[in-house]
There are 2 protein chains.
Amino acid sequence: MPEEPKTERGRRTRERIVASAAKLIERRGVEATGLDQVLAEAGASKSQLYHYFADKQALVRAVIAWQTAAIVDGVAERLERIDSWAGLEAWFDTLVAYQQAMDCHVGCPIGSLAAELADTDEAARQDLALSFGTWAGQLRTMLDRFRERGLLGPDTDTEQSAYAVLATIQGGLLLAKTTRDPERLRIALIAAGGYLRSLAPAPER
Amino acid sequence: MPEEPKTERGRRTRERIVASAAKLIERRGVEATGLDQVLAEAGASKSQLYHYFADKQALVRAVIAWQTAAIVDGVAERLERIDSWAGLEAWFDTLVAYQQAMDCHVGCPIGSLAAELADTDEAARQDLALSFGTWAGQLRTMLDRFRERGLLGPDTDTEQSAYAVLATIQGGLLLAKTTRDPERLRIALIAAGGYLRSLAPAPER
DNA sequence: CAAGAATTGGACTGATCGGTCCACTCTAAA
DNA sequence: TTTAGAGTGGACCGATCAGTCCAATTCTTG
């Protein structure tokens, strides 16, 4: 039933629908977003939607893939270039500045989707777990670089530390979104940085 | 329009409705929970609901108050007795064990509500910001005790640290819920503990 | 240009949503 | 025993939901 677009035109239509759905879901959540709203936003019709997606769940999973690609890929590029504490903190500042610019709306689309879907849509939950996994993997690559350069102790578990940093980012974003205060994110990130620094080899402390 | 129950019977009915709503919302979220489901669960009728609540939003806010009382009060009792690193870590272990026992469902009801409602229901957002605030306040009281006892440096900003710990807990719960792996929460809590320890006065390091 | 496939428009359906309404029962005080 | 107000039951409403269906259009290819 679910079909992949076979022409360029179809591909663009599918893309338009997913992008519109992603935008609306980011703001109002999955349950609160109606298919008719999505189609109005995308300028498409019901038959177009159901031509490319089996049902709403399939569309939601496409949105997850879209958001994952957008965020994780964007973050990866930035993370690759970080190789010092100052560089890490500059990235943290970017995150805080972005939230401030957005007036602390949205937060992290992946995180929001995870909070809403983890207990109600098993397939989506697995997709999101994978998204977090690749994100954590990129953080881990960065931390491996830190370790190589002697910024972290040689016995540091970079995988665990990566998940710890990811958790702190997600929690900070949630608090910032709820209190509408980007400072909450900044404080969380400072704690994440402080934790990592506490993992530095003894002489550097 | 919204009325407070004036008899014992009414009070119990209202309570039953809120408790049922809290239970369902905790599992499926606000948007996915229908009023009819709530009433079926509570064994009540539509007129009873609308006798005590102006609309669904009012019920949701009552649920927020209920969950806040349940969680924050429960946590406060525990936090009061913590006055050492070992005690703190024992509490962390309790949190992880609870998630493990729950198979990583639910997570934190306040956090889930915040993720879903922060951008769509301003009144609820403010309620939830307050809930986080009182929770952070209790953590802060605990950290003040740590500072008094010399476990934290005398210039430690306990308010900020409290929010950092809260953020890490929330993020850890989200990751644990999404990956169904309580280990993710444990790692986050270890990081929170590590950060706090890095704030200890120099001689204790 | 002909034909088959891919794509599109949108009316339609049954279920469910939040919310209204009114007649009814219960309780306690006069 | 009357009565007034608190509490209750559930039928009902218009709106909206996800999803179906089919005829019309556009594109590709021979």
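First the proteins, then the strands, lettered A, B, ... as listed; each starts at 1.
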Using only heavy-atom distances, determine whether the side chains of [X] and [Y] contain a donor-acceptor pair under 3.5 Å.
X	Y	answer
B/Q37	B/E41	no
A/T94	A/R78	yes
A/T179	B/R125	no

Does A/Q48 have any side chain to side chain contact (heavy atoms under 4.5 Å, CB included) partners at least two apart in sequence or in another chain, and if so, which?
-> A/T13, A/I17, A/A44, A/S45

Would you say D/dT8 has OP1 or OP2 under 4.0 Å from some side-chain N or O of B/Q48?
-> yes

Indicate yes or no: does B/R197 engage B/E89 in a salt bridge with an N to O separation below 4.0 Å.
-> yes

List the protein contact pattern of nucleotides 16-29 of chain D with one symbol per nucleotide (5' to 3'): B for base contact, S for sugar-phosphate-only contact, - for none; contact means a heavy-atom distance under 4.0 Å.
-> -SBBBB----SS--

Answer yes or no: are there more than 12 heavy-atom neighbours, outside B/K23 itself, under 6.0 Å from its atom NZ?
-> no

Provide the full list of side-chain hydrogen bond (donor to acceptor under 3.5 Å, both in side chains) pairs with a residue in residues 59-75 of chain B, sequence neighbours left out, each pair given once.
-> B/E26-B/Q67, B/R61-B/D127, B/T68-B/S131

Near DNA chain C, which residues from residues 10-23 of chain A have a heavy atom under 4.0 Å away?
-> A/G10, A/T13

Is a side-chain donor or acceptor of A/R147 paired with a backbone partner of A/G153 at a separation under 3.5 angstrom?
-> no

Go through the structure and list residues passing side-chain hydrogen bond (donor to acceptor under 3.5 Å, both in side chains) with A/E77, not counting sequence neighbours.
-> none

Between C1' of D/dA11 and CG of B/L39, the distance in whole Å | 14 Å

Full working for salt bridge (Lys or Arg N to Asp or Glu O under 4.0 Å) between A/D119 and B/R28 = CA-CA 7 Å; A/D119 285 331; B/R28 307 184 230 263; over 6 Å; no

So where does chain B start and stop touching DNA chain C, 5' to 3', when the test is distance under 4.0 Å to a non-hydrogen atom?
-> C/dC17 to C/dC21

